[in-house]
Structure formats: C-alpha cells, structure tokens
Asker: 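Below is a structure I'd like to ask you about.
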Amino acid sequence: MDTIPLDYATLRLIWWLLLGILLIGFAVMDGFDLGVATLLPAVARTDEERRIVLNVIGPVWEGNQVWLILGGGAIFAAFPPLYAVSFSGFYIAMFLILVALILRPVGFKFRSKVPDPRWRAVWDWALFASGLVPSLVFGVAMGNVLLGVPFHFDDTLRVYYEGGLFGLLTPFALLCGLVSVAMLLMHGAGMLAMKTSGAVAARARRYGSIAAIATAVLFVIGGTWVARIDGYALQVAMDAAGPSNPLAKVAVAKPGAWMDNYARWPITWLLPAIGVAGALLSAVSLRSGRAGLAFLASSVSIIGIILTEGVATFPFLLPSSTQAGSSLTLWDASSSHMTLFIMLLATAFFLPIVLLYTAWVFRVLRGKVDGDGMGRNPNAY
C-alpha cells in the first residue's frame, strides 16, 4: 500500500464526500424532473399545456437520471456492505421506485401516440405517479436511516433483515417523505417557471411558493423531532484506517445523539439554516416572478437539507435499530484501499465529462417551451 499516495482513512472520507455529491447531484438534477411530473395535473389544464410541461423535462430526464446510476454504482463499489444491506432491506421500496421510474419513459413515448383524451389522461396520471412515488419513497428511506434499520450480522457477517415495507412507514419516516415531496415540488416549480410562460408559469409559481414554505416548515419540524429521537454514537473511537469489519466496534443508541456533531462543530449549523433560508428565498422569488433566482435558491435548499442529515449521521452510513454494533459506518463498510484509489482515478476522469456534457445540453436547450416551438419540432412529445 506504500505506492498509494493517499492513506486509507483519507480515501474513505473522500468517498463519503463523493457519495454526498452524487446524492446531491441526483436530487438537484433529476429532482426537478420528479417535481415537474408531480405538478403535471395541477399546473396543466389543457392538452397543449400538458405537452408543454412534458417537453420541459422530456429532452433532459434521461441524462439527469445518470446521477442515480452513478450513486448506486458508487455505493456498490465503494461501500459493498451498505449496498447489500440497503438494497435487500429496502427491496420492496426499491421495487416501487423502479416501477415508477419505468413508467416515466413509457409515458413519454406512448402518451401522444393516440389522440384519444382518455388514453392521454391515463399516461398523464402514470407520469404523475412516476414523480410522486420516488419523491416520497426516497424521503421515507432517508427518514429510516435516521431511525435505524432492523438488521444485524452474525459472527460470519451474514446479514439478517427483520423488517418489512410497512415497518418503514413510521410517522417520522412519513414526515421525511413529505419533506422530500415538498422540496422537489418547489424545485420542479422553479424549473417550470423558468421554462414556460402564461398560465402554466403562473400556476407553477403559485404552487411552488406553497411547496417552498411547506419545505421550510416541515424541515424545521423534522429537525426538532430528530433532536428527540434515539441517535447512534460510537462508545470507543474507531481506527479510521483499520480493516472493514462491521462487528469490530462498540456503538450505542441514545437520545439526541444525532445532534452531537453539531455541538462538536458549531459551524455546521449553517447547513440547516441554508436549507430553510433557501426554501424561503425560493418562495419569495417565485411570488415576485424571479424564476431563475427561485430555481437557484431551491437548489441551495436541497444541498443544505441533504448535508444536514449527512453531518448529523457522520460517520454512520446505515445504523441498525436491532443491534447497534452491527451498524455500518464509514470506517468499517468500505472497499479495500486499492479499490477506493482506482475508483477515485476513474471518477476524476469521468465526473468532469458528465458535468461538461450536462452543461452543454442545458445550454443547447436554453429558452422557453411553448406551443409554437413544439409545432416546429417534429420530435416534441
């Protein structure tokens, strides 16, 4: 390992940061797709208006979904135990997300193939579900990370999961799901306000401002709740460069433990403040017609909300509610030193390409979507 220029602990921390960046990338980039789809029945009343809404995200949703694939791939390669436990424990939830995401391309391709209003209405509601279901389930999953997931390892590191789908739907987890839905509705409304005009943009501004205020209020309620629930903490400091063995630690659940990092590093209180302030600024900007600022503010709010949970749970990746010692942390659930380094080199090469390509696509597709433009474009949905 002497030939690797970065030590094991540093690489583990870098990959924790990269995982956060990928999650934020997915929430910001594909998040507005999910928000726009969820807003479809509310902001579009005629067939032309619905087509305008769909053509706002139709050309970009596939590229935006790359962030989800990158996030899943990063978990699989950098943190294999996390991938194994989360994808098996959340199997039904993951299945619901996949079904919803499969409906999205089918809805885009088939909706306008038949002029029958009933046919189009069915696919419009399918597209609505493809936005709402993932938005809700992702939030519920993040809520369950804070609560802890019912799994444990035996002495051979075989994982046992003791929960089910309905066990994940606790009041706190559902609150987190509502935070996620409101957050992405706010974000999607900002995109619609930027890319459309007339009645669609006016409705997007109205519903988006309501969603933005709901995001701020629900996030504050959730944060107050987090301070009262059992969090997780290490009783003995771990060797950050030690071997990956989830059972080689002593962890406990205790009330308010998720607030320890904020007490240790007071500057991190800026993150929840950014989450709330960004949502409120988005609401004000939507009301005043400054769509670009509203979209930027909602993006900042999303970043603040996601990082708030990341800081609270550090260094835990997935706590165990049934056996705290089986919880997965950054220091005991990673791939090998060499694997993390090789992956970092690949990421350093490919991630800038993804960013440059994304920037180029949005530059090419700049401007508003309207009926005249769709009429001139034979590839419009």
Asker: Classify the ring geometry between W123 and W119 as parallel (under 30°), tilted (30 to 60°) or perpendicular (over 60°).
Answerer: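 Plane angle over 60°, so perpendicular.
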Asker: Verify the neighbour count for atom OH of Y91: are there more than 12 heavy atoms of other residues, nucleotides or ligands below 6.0 Å?
Answerer: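 Count not over threshold, so no.
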Asker: Answer with yes or no whether the side chains of S301 and S298 bring together a donor and an acceptor at under 3.5 Å.
Answerer: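 There is no such pair (donor and acceptor under 3.5 Å, judged by atom type) between the side chains of S298 and S301.
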Asker: May I ask you to check whether F76 and Y83 place their ring centres under 6.0 Å from each other?
Answerer: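 Judged by ring-centre distance (under 6.0 Å), Y83 and F76 do meet the cut-off.
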Asker: When you check the gap from the basic side-chain N to the acidic O, do R111 and D47 get nearer than 4.0 Å?
Answerer: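 Yes, this pair counts.
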Asker: Using the rule that Ile, Leu, Val, Met, Phe, Trp and Tyr join whenever any side-chain heavy atoms are under 4.5 Å apart, tell me whether L178 and I97 fall into a single cluster.
Answerer: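 Same cluster: L178 reaches I97 through Ile, Leu, Val, Met, Phe, Trp or Tyr contacts under 4.5 Å.
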Asker: Can we say R12 and D7 salt-bridge, meaning some charged N sits less than 4.0 Å from an Asp/Glu carboxylate O?
Answerer: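 No.
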Asker: Enter the distance from L280:CG to S285:OG here, rounded to the nearest 0.5 Å.
Answerer: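 These two atoms lie 10.5 Å from each other.
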Asker: Looking at I353, I'd like to know if its CD1 atom is crowded, meaning that more than 12 non-hydrogen atoms belonging to other residues, nucleotides or ligands lie closer than 6.0 Å.
Answerer: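 Yes, CD1 of I353 has more than 12 neighbouring heavy atoms, counting only those of other groups under 6.0 Å.
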Asker: Does the side chain to side chain contact (heavy atoms under 4.5 Å, CB included) test come out yes or no for T268 and N261, once each step is laid out?
Answerer: CA-CA 8 Å; T268 55; N261 286 337; 5.8 Å; no
Asker: Around R158, counting heavy atoms of other residues, nucleotides and ligands shown, do more than 12 lie under 6.0 Å from its CZ?
Answerer: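 Counting other residues, nucleotides and ligands, CZ of R158 stays at 12 neighbours or fewer.
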Asker: If the test is side-chain contact (heavy atoms from CB on, under 4.5 Å), which one of L318, L330, V85 qualifies with F79?
Answerer: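 In the set L318, L330, V85, the residue that makes a side-chain contact (heavy atoms from CB on, under 4.5 Å) with F79 is L330.
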Asker: Could you check whether K254 pairs with D230 (Lys NZ or Arg NE/NH1/NH2 to Asp/Glu carboxylate O, under 4.0 Å)?
Answerer: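 Salt bridge between K254 and D230, a charged N being under 4.0 Å from a carboxylate O: no.
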Asker: Tell me, yes or no, whether the heavy-atom count around R228 atom CZ, taken from other residues, nucleotides or ligands under 6.0 Å, exceeds 12.
Answerer: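 For R228, atom CZ is not crowded (no more than 12 foreign heavy atoms under 6.0 Å).
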Asker: side-chain hydrogen bond (donor to acceptor under 3.5 Å, both in side chains): which pairs involve residues 32-43, sequence neighbours left out?
Answerer: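 Applying side-chain hydrogen bond (donor to acceptor under 3.5 Å, both in side chains) to every pair that reaches into residues 32-43, excluding sequence neighbours, yields D33-N64.
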Asker: Examine V361 and L355 and state if one hydrophobic cluster contains both, with Ile, Leu, Val, Met, Phe, Trp and Tyr joined whenever side-chain heavy atoms are less than 4.5 Å apart.
Answerer: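 Both belong to a single hydrophobic cluster.
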Asker: Can you tell me how the ring of F108 sits relative to the ring of W61, calling it parallel under 30°, perpendicular over 60° and tilted otherwise?
Answerer: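 Geometry flag for W61 against F108: parallel rings.
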Asker: Which atom names give the shortest non-hydrogen contact between A297 and S282, and what distance separates them?
Answerer: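 So the two residues come closest at CB-N, 3.7 Å.
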Asker: In this structure, which one of W258, F219, F172 forms a ring pair (Phe, Tyr, Trp, His ring centres under 6.0 Å) with W225?
Answerer: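 Among the candidates, only F172 passes.
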Asker: Taking atom types as modelled and ignoring hydrogens, do the side chains of H152 and S326 form a donor-acceptor contact shorter than 3.5 angstrom?
Answerer: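 H152 vs S326: no donor-acceptor pair found between side chains.
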Asker: For side chain to side chain contact (heavy atoms under 4.5 Å, CB included), just list the numbers for L340 and S336, CA-CA rounded to whole Å, side-chain angles, deciding distance to a tenth of an Å, and then say yes or no.
Answerer: CA-CA 6 Å; L340 294 181; S336 69; over 6 Å; no
Asker: For R290, enumerate each residue passing the salt bridge (Lys or Arg N to Asp or Glu O under 4.0 Å) test, keeping only those at least two apart in sequence or located in another chain.
Answerer: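 With neighbours one apart ignored, the set is empty.
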Asker: Evaluate whether atom CZ of F87 has more than 12 neighbouring non-hydrogen atoms of other residues, nucleotides or ligands under 6.0 angstrom away.
Answerer: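 Yes, enclosed.
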Asker: Going hydrophobic residue to hydrophobic residue with side-chain gaps under 4.5 angstrom, can you get from F90 over to F95?
Answerer: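 No.
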